[in-house]
Amino acid sequence: MSLSFEISKELADYANTVREWSVAECRPYAREADDRHAPPANWAEILDTSPVPLGRADKPEEGSVPDFEEGDYVSKAVITEALVYGDVWVLPVLGGGIGELVVEAMGTPEQVAKWYDPIVEGGAATGFALTEPGFGSDTSLVSTTATREDDTWVINGTKIFCTNGATGEYVTVFATVDKSLGAKGISSFVVPKGTPGFTVPKVSESKLGIRSWVTSELFFDNCVVPLENRLGWTAEGEAETRASGRSGAFAALVHNRPRISSMAIALAQASLDVTKGLLVGQKAGFTPQRWSQIETELENMEHTLERGRRLVLRAQYLVDIGKDRSDTAAAAAAKGYPPQSCERVVRRCIQLLGPEGWSKELLLEKWYRDMKIMDIFEGSGQIQRIIAGRSLMGRLVG
C-alpha cells in the first residue's frame with residue numbers, strides 16, 4: 001500500500017464482499033443480539049453463509065483470511081470495518097482476542113511458543129484482565145496481588161469488563177508483586193481457564209452498548225499458577241526482561257487500538273448511509289435551501305469519516321512495515337480522534353431524522369450506544385490525544 005492509502009483491488013473486493021454479506025445476513029439479528037445481551041443463538045449458522053473465509057476459531061478448517069499485499073494490520077482494519085458495518089455482534093464470535101498479544105510482547109521465547117503461536121495458528125479466544133473496580137485509565141492503581149510461594153504465584157483480586165474472560169483459553173492477568181513499586185511492580189500472569197481459584201461471577205456484565213459482547217467479571221481467590229506463568233519468567237525465576245507489566249499492557253494494546261476506530265467508523269458509516277437513504281425519500285418535504293444545507297452536512301460527515309480511515313490506515317501501515325515505534329503519535333491519533341468524531345456523526349444523523357432517529361424501529365440509537373465505549377476502552381481518547389500532543393509538541397502539552 002502506497003502513502004496515498006489506496007488499497008488494492010483484491011483487498012477492496014474482499015472487503016466489499018464481507019460488507020455486503022454482513023448487511024444481508026448479520027444486520028437482521030442486530031436488535032436481537034442487543035436485547036438478549038448475547039450473540040444470536042444461531043450465530044454459527046449465520047457465519048456459515050459467508051461467501052469468503054472469515055478466520056473462524058470455531059471452524060479453522062474453513063480457512064483464514066487471505067494475505068494481502070497491504071500487510072496484516074492494514075488488512076485487518078479494512079476487513080474489520082466491513083464486518084462491523086453490518087453490526088458489532090459478529091466480530092467477537094469469530095474468536096481471537098488480545099491476551100496473546102501480551103504474551104508476544106512480554107513473554108520468553110518458550111512462553112511465546114506455548115501461549116502465542118498456537119493461538120495465532122488456531123484463532124482461539126484469549127482474555128485480557130486489567131481493569132478493576134475503582135480504576136479505569138490509571139493502571140498504576142492495580143490492586144490484584146500476586147504473591148510468590150515457593151515455585152508458584154498466588155493471585156488474589158477482582159477484574160471487571162474482561163473481554164473473553166469467560167470464554168478464552170486463558171486470561172492474561174495484571175497483578176502487582178510489590179505495591180510499594182507502583183506501576184513498576186505490575187506484571188502479567190497467564191491463567192488458563194479452569195484453574196482452581198479462578199471463577200467468573202458474571203459471565204457478561206450489563207452495559208450501555210456492545211451488549212452482545214461477552215465482558216466478564218473475574219474473581220481470583222488464592223489462585224495458584226506455576227512460576228513460569230509469570231510472563232518474562234521461567235521455572236527457575238526471572239529471565240531477561242522484555243517489558244514491565246504496565247508497558248507490556250500498553251505494547252499489547254497499541255497495535256490493536258486503531259482497529260477500535262475501524263469499528264467506530266463502520267458504525268458511523270452505517271448510520272450515515274441509513275440516514276441518507278431515508279432523507280432522500282423525504283426530499284420533497286424540504287425547501288431547496290434546507291435540502292442544500294442537509295446535503296452539505298452529509299458531505300462533511302463523509303469527509304470526516306474518510307479522514308478517520310486515513311489515520312487508521314497510516315497507523316496500521318507503520319505497524320506492518322515495522323516503523324510504528326518511531327512514530328508513536330500515529331497510533332495515538334488513530335485511536336484518539338476517529339471515535340470522538342464518529343460519535344458526533346451518529347448523533348447528528350439521529351438529529352436529522354428527528355423522533356424516528358431515536359426510535360427502536362431503526363438501529364441508530366443502538367449504534368450510538370455501541371459507539372460510546374470505543375472512545376474509552378483500550379486507551380481512552382482523552383489520554384490518546386495527550387499522547388499524540390506530547391509526541392508532536394513535547395511533554396508540557398496536555
Side-chain angles (χ1 to χ4, degrees), residues 14-66 76 78-100 119-128 161-171 193 200 202-217 256 259-260 262-264 266-267 269-270 274 360 362-367 369-371 373-374 377:
Y14 199 92
N16 285 336
T17 299
V18 171
R19 174 171 158 154
E20 291 172 3
W21 166 79
S22 186
V23 171
E25 303 296 336
C26 301
R27 188 175 290 179
Y29 293 89
R31 182 62 66 186
E32 175 189 332
D34 188 60
D35 288 343
R36 72 192 299 263
H37 290 226
N42 61 332
W43 64 264
E45 288 76 13
I46 298 170
L47 296 188
D48 288 341
T49 66
S50 175
V52 295
L54 299 173
R56 296 169 59 177
D58 66 313
K59 289 189 176 181
E61 69 276 6
E62 291 191 357
S64 58
V65 174
K76 281 182 179 178
V78 172
I79 295 171
T80 293
E81 182 182 338
L83 281 166
V84 177
Y85 183 81
D87 191 62
V88 296
W89 74 258
V90 67
L91 194 64
V93 298
L94 295 176
I98 60 174
E100 73 275 12
I119 294 296
V120 172
E121 292 169 7
T126 61
F128 178 90
F161 295 111
C162 178
T163 301
N164 297 331
T167 58
E169 291 298 307
Y170 62 78
V171 177
K193 64 180 180 181
V200 184
K202 293 181 184 177
V203 172
S204 194
E205 300 181 89
S206 182
K207 306 179 291 293
L208 173 72
I210 60 167
R211 292 175 174 174
S212 60
W213 289 27
V214 176
T215 57
S216 309
E217 179 185 19
N256 197 62
R259 195 174 173 214
I260 302 299
S262 293
M263 300 179 206
L267 295 179
Q269 188 69 65
V274 168
K360 293 187 75 171
L362 299 178
L363 288 169
L364 272 71
E365 63 85 22
K366 173 193 177 301
W367 290 335
R369 289 186 284 106
D370 292 337
M371 177 76 66
I373 190 60
M374 294 175 189
F377 70 169

Using only atom types and a distance under 3.5 Å, with no angle test, would you say the side chain of [X] pairs donor to acceptor with the backbone of [Y]?
{"X": "Ser50", "Y": "Leu47", "value": "no"}
{"X": "Ser216", "Y": "Val203", "value": "yes"}
{"X": "Thr215", "Y": "Phe161", "value": "no"}
{"X": "Thr126", "Y": "Gly99", "value": "yes"}
{"X": "Ser22", "Y": "Leu83", "value": "yes"}
{"X": "Trp89", "Y": "Cys26", "value": "yes"}
{"X": "Asp370", "Y": "Gly209", "value": "no"}

Checking salt bridge (Lys or Arg N to Asp or Glu O under 4.0 Å) for the pair Glu365/Lys360: CA distance, chi angles, key distance, verdict?
CA-CA 7 Å; Glu365 63 85 22; Lys360 293 187 75 171; 5.5 Å; no

Tell me, with the steps shown, if Leu54 and Lys59 meet side-chain contact (heavy atoms from CB on, under 4.5 Å).
CA-CA 10 Å; Leu54 299 173; Lys59 289 189 176 181; over 6 Å; no

Find out whether [X] and [Y] are in side-chain contact, i.e. whether some heavy atom of one side chain is under 4.5 Å from a heavy atom of the other.
{"X": "Leu363", "Y": "Val274", "result": "no"}
{"X": "Tyr14", "Y": "Val65", "result": "yes"}
{"X": "Thr80", "Y": "Met263", "result": "yes"}
{"X": "Glu100", "Y": "Tyr170", "result": "yes"}
{"X": "Arg56", "Y": "Asp48", "result": "yes"}
{"X": "Ser204", "Y": "His37", "result": "no"}

Does NZ or CZ of Arg27 come closer than 6.0 Å to the centre of the six-membered ring of Tyr85, within 45° of the ring's axis?
yes

Between atom [atom1] of [X] and atom [atom2] of [Y], what is the distance when rounded to the nearest 0.5 Å?
{"X": "Arg369", "Y": "Ile373", "atom1": "CZ", "atom2": "CD1", "value": "13.0 Å"}
{"X": "Ile260", "Y": "Ser262", "atom1": "CD1", "atom2": "OG", "value": "9.0 Å"}
{"X": "Ile79", "Y": "Arg259", "atom1": "CD1", "atom2": "CZ", "value": "9.5 Å"}

Heavy-atom closest contact ([X] atom, [Y] atom, distance):
{"X": "Pro53", "Y": "Ser64", "answer": "CB-O, 3.5 Å"}
{"X": "Ala33", "Y": "Pro39", "answer": "CB-CA, 4.4 Å"}
{"X": "Val23", "Y": "Pro28", "answer": "O-CD, 3.5 Å"}

Listed pairs under 3.5 Å, donor-acceptor, residues 90-98 side chains, sequence neighbours left out:
none

Once salt bridge (Lys or Arg N to Asp or Glu O under 4.0 Å) is applied, what residue pairs with a partner in residues 203-217 remain, sequence neighbours excluded?
Asp34-Arg211

Does any pair with a residue in residues 87-97 pass salt bridge (Lys or Arg N to Asp or Glu O under 4.0 Å), and if so which ones, sequence neighbours excluded?
Asp87-Lys366

Set of residues satisfying salt bridge (Lys or Arg N to Asp or Glu O under 4.0 Å) with respect to Lys202, sequence neighbours excluded:
none

So, Trp213 and Thr163: side-chain donor and acceptor under 3.5 Å apart, yes or no?
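No, no side-chain donor-acceptor pair sits under 3.5 Å.
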
For Glu20, give me all partners under side-chain contact (heavy atoms from CB on, under 4.5 Å), at least two apart in sequence or on another chain.
none

Results of ring pair (Phe, Tyr, Trp, His ring centres under 6.0 Å) for Tyr29 - residues two or more places apart only:
none

